[in-house]
Amino acid sequence: MSKLAFQRCINPGCGAEFDCSETLVECPKCGELLDIVYDWDKINVPDKMSDFAKRWGTKDNRLDFSGVWRFRELLDFCPDETKVSIGEGQTILQLNDGLAKDLGVSAGRLHLQYEGMNPSGSFKDNGMTAAFSHATMVGATASACASTGNTSASMALYAHSCGLKCTVFIGSGRIAFGKLSQSMDYGGHTIQIMGDFDDCMKQVQDVCKQLDIYLVNSLNPFRLEGQKTIMFRIIEQLGWEVPDWIIVPGGNLGNSSAFGKAFMELKQLGLIGKIPRLAVINADGARTLSDLYNDKKLRWNGGNVDQGTIDAYYAELTAKNFSPHTCASAIEISRPVNLKKCLRALDVCNGVVLAVTDEEIVNAKAQIGLHGLGCEPASAATIAGLKHLLADGTIGKDERIACVLTGHQLKDPDVTVNYHKDSQGPFSNPPVECANDLDEIIKLMK
Ligand code: F0G
């Protein structure tokens, strides 16, 4: 039982607290989301972020090698013995002046945080290492998640590296094949539900409750602790400086929530001087956050979020029998479970939200590719969103920007191939057919 950290309900009117040895995905008293809270006075947190650099020299220690656990004092909820790691978080922040030039951003200012370099090819591994470390601490034997693909791939990888069973719930026909192939290979028990992600999310919560299975969706507060480290690594790679903007795609809103918490805590600890601004980008076909934040003006409001506005919005979706649709299947979600935590992050980070079309997403994806880094469609929503934010003056060309490319290019080859083969997009690059003849081939080379 860790005394350094505890769980607390995010609802200020409740604020109930629970030990970290309990496995909870909602407050048992009021049903709200839970946070992990630390007793910083009892934790030996370094005086400055750059002190973490000492761990670069001790990479033969598995926890110092991990891009998550080398920051372990900032997520100190379990003992080292139960920390599960498969070398996650070896990701890069690429300065991309080529793309910057295309977008009209000054040289040296646009960075791409490529989370596709994780063991399962997406940012999810940052969270899964934390969730499975907690699962190991509490002695869980089986895990489950609902997924648009990446969570399931990551869960199956971690579950089987630390000996837990795992079951994946996916919406039938709603998952990119690259991701499905991963969870099958990693031995995940896969259940395809005739429905979308939101249907799966509801079912898996009930299944986990009834069968006492460890849920690893981002409702799990321990998972989000791991995802904070994406921000720590951005700061690390900027020479321990904070960027002006973080841009992230928004689906179930776990990342944005974790990033906001990371900056809140770093500021509280005096480890950073300023908090960057946050831009969360929805796909147009799954634009709940954008609708609620921009049109309905829903705000964190000190934790007193207007539940009536959310309920009315969801009732409208139900009445319309609405199911989200976007080529960025990773973020095809209309009832994001972390909505309230994301509103808190937007409050802390003076955030903005917008939605981009599928056409904008596939064009941005190809453009990122042209400048030397691949990503899956959802990740490209960041660059598609950045174009709008530059155009309307929200982001200035000299500001330092970090876009989180959440998943690997090979996760969803169908979207890529279709774009290049069929679309008349400005960056389409279709293969050219040719006879099996040297002269004909040489003609094409000119
Ligand atoms: N980008 C990618 C590549 C994702 O897989 C996801 C979420 C997101 C962005 C959205 O992140 O939920 O933190 O806002 N994928 C989940 C899954 C839902 O099941 O793999 P979020």
Side-chain angles (χ1 to χ4, degrees), residues 91 113-118 120-128 131 144-157 168-171 174-176 178-180 182-183 188 190 193 196-201 204 215-220 223-224 226-228 230-231 246-261 278-283 286-290 324 326-339 341-343 345-346 353 356 361 365 374-385 403-412 415:
T91 60
Q113 174 67 17
Y114 190 41
E115 289 299 311
M117 288 172 75
N118 273 294
S120 80
S122 86
F123 75 90
K124 302 285 178 182
D125 297 349
N126 294 285
M128 250 7 120
C145 72
S147 184
T148 56
N150 282 325
T151 303
S152 54
S154 182
M155 173 182 75
L157 185 55
V168 170
F169 291 76
I170 56 169
R174 304 292 193 122
I175 177 171
K179 305 175 188 180
L180 182 58
Q182 285 182 285
S183 50
T190 305
I193 293 187
D196 59 24
F197 173 84
D198 300 301
D199 299 319
C200 294
M201 193 64 238
V204 75
L215 182 66
V216 299
N217 279 103
S218 49
L219 281 170
N220 179 323
R223 207 190 100 180
L224 293 188
Q227 289 170 219
K228 292 190 308 194
I230 302 170
M231 295 301 103
I246 299 289
I247 309 186
V248 64
N252 225 1
L253 305 179
N255 258 342
S256 43
S257 300
F259 299 171
K261 185 168 188 280
L278 179 69
V280 184
I281 317 295
N282 273 164
R287 46 179 303 137
T288 296
L289 179 68
S290 175
T326 164
C327 71
S329 55
I331 51 173
E332 196 181 62
I333 296 171
S334 63
R335 288 174 166 76
V337 297
N338 288 298
L339 176 62
K341 282 187 178 175
C342 175
L343 292 171
L346 289 163
V353 178
V356 293
I361 288 174
K365 193 178 103 54
C375 65
E376 67 166 283
S379 313
T382 54
I383 293 298
C403 296
V404 184
L405 301 187
T406 44
H408 198 282
Q409 181 182 28
L410 297 177
K411 289 280 190 174
D412 192 350
V415 168

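Counting starts at 1 for both ligands and their atoms, in listed order. Just so we're clear, the structure is a prediction, and the values are computed from it rather than from any experiment.
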>> For L289 versus N282, what's the shortest heavy-atom pair and its separation?
In response: N-OD1, 3.3 Å
> If we only count N/O pairs under 3.5 Å, is S379 in contact with ligand 1?
Replying inline: no
> Which residue supplies the protein heavy atom nearest to atom 17 (C) of ligand 1, what is that atom called, and how far is it?
Replying inline: T151 OG1, 2.9 Å
> Does any N or O atom in A378 lie less than 3.5 angstrom from one in ligand 1, N or O only?
Replying inline: no
> G250 heavy atoms, cut-off 4.0 Å: which ligand 1 atoms fall inside?
Replying inline: 14 (O)
> Under 3.5 Å between some N or O of ligand 1 and some N or O of T406?
Replying inline: yes
> For ligand 1, which atoms have a heavy atom of N150 less than 4.0 angstrom away?
Replying inline: 2 (C), 3 (C), 4 (C), 5 (O), 20 (O)
>> Testing the basics here: between N252 and R335, what is the closest heavy-atom pair and its distance to 0.1 Å?
In response: OD1-O, 4.0 Å
>> Using the rule given for side-chain hydrogen bond (donor to acceptor under 3.5 Å, both in side chains), can you reason through S257 versus N338, listing the C-alpha separation, both sets of side-chain angles and the distance that settles it, and then say yes or no?
In response: CA-CA 7 Å; S257 300; N338 288 298; 4.6 Å; no
> Going by distance only, is there an N or O of K179 that falls short of 3.5 Å from an N or O of ligand 1?
Replying inline: no
>> The test is side-chain hydrogen bond (donor to acceptor under 3.5 Å, both in side chains); show your working for T91 and E115 and say whether it passes.
In response: CA-CA 6 Å; T91 60; E115 289 299 311; 2.9 Å; yes
> Hey, is E376 touching ligand 1 through its side chain, its backbone, both or neither, going by heavy atoms under 4.0 Å?
Replying inline: side chain
> Any idea which protein heavy atom is nearest atom 11 (O) of ligand 1, and the distance to it?
Replying inline: F123 CZ, 3.6 Å
>> Ignoring hydrogens, what is the shortest heavy-atom contact between C375 and A380? Give both atom names and the distance.
In response: SG-N, 3.9 Å
>> Could you check whether any side-chain N or O of N118 sits under 3.5 Å from a backbone N or O of G121, counting only pairs where one atom can act as donor and the other as acceptor?
In response: no
> Does ligand 1 have a heavy atom under 4.0 Å from the side chain of I333, from its backbone, from both, or from neither?
Replying inline: side chain
> Tell me, which protein residue and heavy-atom name are nearest atom 13 (O) of ligand 1, and how many Å apart are they?
Replying inline: N255 N, 2.8 Å
>> Given 3.5 Å as the limit, does a donor-acceptor pair link the side chain of T382 with the main chain of V248, or not?
In response: no
> With a cut-off of 4.0 Å, which atoms of ligand 1 are near a heavy atom of K124?
Replying inline: 5 (O), 6 (C), 7 (C), 15 (N), 16 (C), 17 (C), 18 (C), 20 (O)
>> Under a 4.0 angstrom heavy-atom cut-off, which atoms of ligand 1 come close to S147?
In response: 17 (C), 19 (O), 20 (O)
>> Just so I know, are the side chains of S122 and K411 near enough to count as touching, which here means a heavy-atom distance under 4.5 Å?
In response: yes
>> So if I count the atoms of ligand 1 from 1 in the order they appear, which ones are less than 4.0 Å from some heavy atom of I331?
In response: 8 (C), 9 (C), 10 (C)
> Hey, does G254 come in under 3.5 Å of ligand 1, counting only N/O atoms on both sides?
Replying inline: yes
> Is there a side-chain contact between E332 and F197, using heavy atoms and a 4.5 Å cut-off?
Replying inline: no
> Heavy atom of S122 under 4.0 Å from ligand 1?
Replying inline: no
>> What I'd like to find out is whether the side chain of I193 reaches to under 4.5 Å of the side chain of I170, using heavy atoms alone.
In response: no
> In terms of atom number and element, which parts of ligand 1 are under 4.0 angstrom from non-hydrogen atoms of A330?
Replying inline: 2 (C), 3 (C), 4 (C), 5 (O), 6 (C), 7 (C), 15 (N), 18 (C)
>> Only heavy atoms of G149, strictly under 4.0 Å: list the atoms of ligand 1 that pass.
In response: 19 (O), 20 (O)
> Taking NZ, NE, NH1 and NH2 as the nitrogens, is one of them in E376 or K365 under 4.0 Å from a carboxylate oxygen of the other?
Replying inline: no
> Which one holds for K411 and ligand 1: side chain close, backbone close, both close, or neither close, with close meaning a heavy atom under 4.0 Å?
Replying inline: neither
> Quick one: does R223's side chain have a donor or acceptor within less than 3.5 Å of a partner on V216's backbone?
Replying inline: yes
> Given that the side chain starts at C-beta and the backbone is N, CA, C, O, which of these parts of N252 lies under 4.0 Å from ligand 1, counting heavy atoms, or is it both or neither?
Replying inline: both
> Shortest non-hydrogen contact from C342 to S256?
Replying inline: SG-OG, 3.4 Å
> Polar-atom distance check: T148 versus ligand 1, any N or O pair below 3.5 Å?
Replying inline: yes
> Should you measure from each heavy atom of L253, which atoms of ligand 1 turn up under 4.0 Å away?
Replying inline: 12 (O), 13 (O), 14 (O), 21 (P)
